[in-house]
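Atoms within each ligand, like the ligands themselves, are counted from 1 in listed order. Sequence positions, counted from 1, serve as the residue numbers for this chain.
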Amino acid sequence: MKPCKIITRRKSNRIYVGKVPIGDNAPISVQSMTNTKTENFLETIKQILDLKKVGVDIVRVSIPNLESVESFKKIRKETNIPLIADIHFDYRLALKAMEYGADCLRINPGNIGNQKRISEIINVAKDKNIPIRIGVNSGSLEKDILNKYRTPTPDALVESAIRHIEYFDSLNFDKFKVSVKASNVFLAIESYEKLAQKITQPLHIGITEAGGLRSGTVKSSIGISYLLLKGIGDTIRISLAANPIEEVKVAYDILKTLSIRSRGINFIACPTCSRQEFDVINTVNQLEKKLEDISTPIDVSIIGCIVNGIGEAKLATLGLTGGYKKSTLYKNGIRQKNKIKNDEIIEQMEIQIRKLIK
Ligand code: SF4
């Protein structure tokens, strides 16, 4: 897949979450967050492993109480993916999470309490070389900022972020990234654009509480794509009220579509009509499921008839064009002599794709 547009990324510093680089032109990393009870470490570990299978780079785990931080200790031992401990309100949980091997902390300094507590967190983070995300959120702005602006505005979100950044600066701590998330796409976009002009730290971008699978995907795609096309954003998280595996899939679909980062199969499929010679929708759905484990980036076209099938097949790594009873296969644009029986398309295409990536 060739890039359709050269994106000039905003210059930013680099930090590392575990071994994953963020910022300074590093590949845009894909994050997600577990939605199991962290106290249930077996279920949480399983979800982390499931997320890993679909290509997540970094996983965030919420730590709401002492029991969950003890569970986090076990989760850390059983997984080797970079883990971010998500902490609100209780700074002692942040200290424990760092002791137990967190690769990064996500805190909203506005709800951690006084600056002494934040400085305690930072001292340990410095000692252990652990980065922090300053996560400003339109839903949890500090009271004085809300009073000043009356409602969450881009300037309010940026002021909150800058306040914390200046405090981090005063403590000589520079291993941090920042997010200014909002559920309103325009508010998030403008906040990130303003903040991007003011700082050089890496930006974690996302549309918070975006909604369910369909609506959240649409909102996230619009907001995140807009920012990425402007070169803003070093790591992304899609926030969906759905299985977090879907967040990772959507994230890669956005990155693939923008030709920023590819992973797995890019399916090109027609919407179907009465000309289709086989059941395109079922074929694509089944193949997407069966081939989820593939991380090699390739383009595969599955088209129901010759109207658009030949043209698309010639551009794809592997292309199938629907024909009467048998369909025609193209490899790297070249038509293959042996046709595929229409009732064997799913199994044959799986074989062909797996052969190609060997
Ligand atoms: Fe219909 Fe053929 Fe177009 Fe698919 S490619 S939508 S089957 S005309």
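Here the protein heavy atom with the shortest distance to atom 3 (Fe) of ligand 1 is N308 ND2, 3.8 Å. The protein heavy atom nearest to atom 2 (Fe) of ligand 1 is C305 SG, 2.3 Å.
At least one N, O or S atom of C273, from either the backbone or the side chain, sits less than 2.8 Å from atom 1 (Fe) of ligand 1. The nearest N, O or S atom of C270 is closer to atom 4 (Fe) of ligand 1 than 2.8 Å.
For the residue pair S140/N137, the side-chain donor-acceptor check at 3.5 Å is not satisfied. At a cut-off of 3.5 Å, with distance as the only test, a side-chain donor of E142 or S160 sits close to an acceptor on the other residue. Using modelled atom types, one finds a donor on one side chain and an acceptor on the other under 3.5 Å when comparing Q47 with N35.
The distance from ligand 1 to the heavy atoms of T272 drops below 4.0 Å at these ligand atoms: 6 (S). Close contacts of ligand 1 with Q276, meaning ligand atoms under 4.0 Å from a residue heavy atom, involve 7 (S). Here is the list of ligand 1 atoms found below 4.0 Å of a heavy atom in I303: 5 (S).
For the pair E99 and K128, the salt-bridge criterion is not met [side-chain N within less than 4.0 Å of a carboxylate O].
Y100 places no side-chain N or O within donor-acceptor distance of the main-chain N or O of V69, the cut-off being under 3.5 Å. A donor-acceptor pair under 3.5 Å is formed between the side chain of R9 and the backbone N or O of A26.
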